[in-house]
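Notes to accompany the following structure.
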2 protein chains.
Amino acid sequence: MEATPSQRDIVRPPAPGSGERIVETALDQFAVHGYAATSMRDLADAVGMRAASLYNHFSSKEMLLWHICQWTIDSLSEIQQDTLGQEGSPSERLSAFTRSFAQFHATHSREALTVEHNWRTLEGAHLDTLRAYRRKFYRALVDIIEEGRAAGEFGVRDSELTALNILDLVIGIANWYRSANIEPEALGEHYARLALLLVEQRPQ
Amino acid sequence: MEATPSQRDIVRPPAPGSGERIVETALDQFAVHGYAATSMRDLADAVGMRAASLYNHFSSKEMLLWHICQWTIDSLSEIQQDTLGQEGSPSERLSAFTRSFAQFHATHSREALTVEHNWRTLEGAHLDTLRAYRRKFYRALVDIIEEGRAAGEFGVRDSELTALNILDLVIGIANWYRSANIEPEALGEHYARLALLLVEQRPQ
DNA sequence: CCTACCGATCGGTAGG
DNA sequence: CCTACCGATCGGTAGG
């Protein structure tokens, strides 16, 4: 009977749940100090393991950032689908979208902040994916505003500028929400109302 | 007659105007790649000198960032003084402030972007100064909204949330202005009008 | 998951 | 403004 490495406990496997703990800790660090200013050693210290061990979960620092970006854009794409793609008037769909979009930025401000500040540092296909996502997201918002304008529901003239305004308003939440004192639901209502104000919704 | 170092041109002095060229180039680099991702060597290459020579103009990378931050907050403080501090109704002052504030973010989007993304990496007294400036700036905006509310000009309920909304709207300009196609003056008008919309200005 | 270690690059300094 | 150089730290790998 020969001694196997596992019996001697020379090699310890990654503990279950470590991947999630790494992401959770990274979000905290990135939100406070920024992605570039957080080294893999800083992150490992905060997680409670060695820097080399992080690479059992993410093959590079960029893959960790990409993981966060991917989860975030998937979530936001789903929100967009579920609101703008539903049945209802342009007003109803725009306000449903803005409500969910704002709630997400409150409940996931760390993720939103990390993506917003650092997506430009991604490379190759990841960067391409991010760019395509952002264009699609922006376009869908412009489209619903144009639709409402064509239907006579919205009085606003510049659909593209108004879409940028709504995006900037909501994305801004991620910068200050964690030190604010308002529930995500109430915030969502406020922004849904703001969106209708910006498109100059007319009484039907 | 002995040969002096200057005759042999061993030591060349900094050329006039180099300081401004460094700042100008840095603003381009920071806006595209980010402050943390731009090394002093990258910057020196883009300027056309050696990394060591940069230190004849700025004693450290942080001092270069601080120079940009200081110029920006001085400019914005002046804008705030010249608009909110003038005579006129709260509506007039709020709209004058927002107009200038938005124009600045169009004409100086690189500076605004650099400050907004990187002021957290400043240290010690510089960080304290930035924090104090931001609080003061935010407070002045809340105050004018409250004043308009007390005077019956504004119908909005939450002055603090509305102040954040106006700030987020304008700061957002810096993210996309350089690829947009609108004059600073027209943009200023749009945002001045938006601000009055957000505070729910009542007919006087 | 660890120890040990690597080449590259960083911000910055000395000295002319 | 340059050449030459420094210690520190970076992301990442080998191997158990």
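In what follows, every chain begins at residue 1, and chains take the letters A, B, ... in the order their sequences are listed.
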- Within residues 34-42 of chain A: residues closer than 4.0 Å to DNA chain D (heavy atoms):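 Listed by number, they are A:T38, A:S39, A:M40, A:R41.
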
- Looking at DNA chain D, which of residues 44-53 of chain B put a heavy atom within less than 4.0 Å of it?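 Contacts with DNA chain D under 4.0 Å: B:M49, B:R50, B:A52, B:S53.
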
- Are any of the side-chain nitrogens in A:R149 or A:E200 under 4.0 Å away from the carboxylate oxygens of its partner?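 No, no charged N to carboxylate O under 4.0 Å.
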
Ring pair (Phe, Tyr, Trp, His ring centres under 6.0 Å) against [X], all qualifying residues, sequence neighbours excluded:
X      : answer
B:Y177 : none
B:H33  : none
B:H190 : none

Residues in side chain to side chain contact (heavy atoms under 4.5 Å, CB included) with [X], at least two apart?
X      : value
B:T114 : B:L27, B:F30, B:L65, B:I68, B:N118
B:Y55  : B:M40
B:D74  : B:Q70
B:A51  : B:R41, B:A44

Take the protein atom [atom1] of [X] and the nucleotide atom [atom2] of [N], then report the distance between them rounded to whole Å.
X     : N      : atom1 : atom2 : value
A:M63 : D:dG12 : CE    : P     : 11 Å
B:L54 : C:dT13 : CG    : C1'   : 14 Å
B:H57 : D:dC1  : NE2   : C1'   : 8 Å
B:L43 : C:dG11 : CG    : P     : 10 Å
A:E62 : D:dG11 : CD    : C1'   : 12 Å
A:K61 : C:dC10 : NZ    : P     : 13 Å
A:Y55 : C:dA4  : OH    : C1'   : 15 Å

- Report the residue (B:S60 or B:N56) whose heavy-atom-nearest nucleotide on DNA chain C is the more 5′ of the two.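 This one resolves to B:S60.
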
- Scan residues 91-106 of chain B for pairs that pass salt bridge (Lys or Arg N to Asp or Glu O under 4.0 Å), counting only residues two or more places apart or in two chains.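 Applying salt bridge (Lys or Arg N to Asp or Glu O under 4.0 Å) to every pair that reaches into residues 91-106 of chain B, excluding sequence neighbours, yields B:R93-B:E147, B:R99-B:E189.
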
- Message: Tell me if a side-chain donor or acceptor on B:Q29 pairs with a main-chain N or O of B:T38 at a distance below 3.5 Å.
- Response: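 No; zero donor-acceptor contacts below 3.5 Å.
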
- With pairs taken as Watson-Crick or G-U wobble and both distances under 3.5 angstrom, which stems of at least three consecutive pairs involve DNA chain D?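 Output for stems: C:1-16 with D:1-16.
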
- Residues which pass salt bridge (Lys or Arg N to Asp or Glu O under 4.0 Å) with A:D128, listed by chain and number, not counting sequence neighbours: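 Counting only residues at least two positions away or on another chain, A:D128 forms no salt bridge (Lys or Arg N to Asp or Glu O under 4.0 Å).
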
- According to a strict under-4.0 Å criterion, is B:S18 in side-chain N/O contact with OP1 or OP2 of D:dC1?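 For D:dC1, OP1 or OP2 has a side-chain N or O of B:S18 closer than 4.0 Å.
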
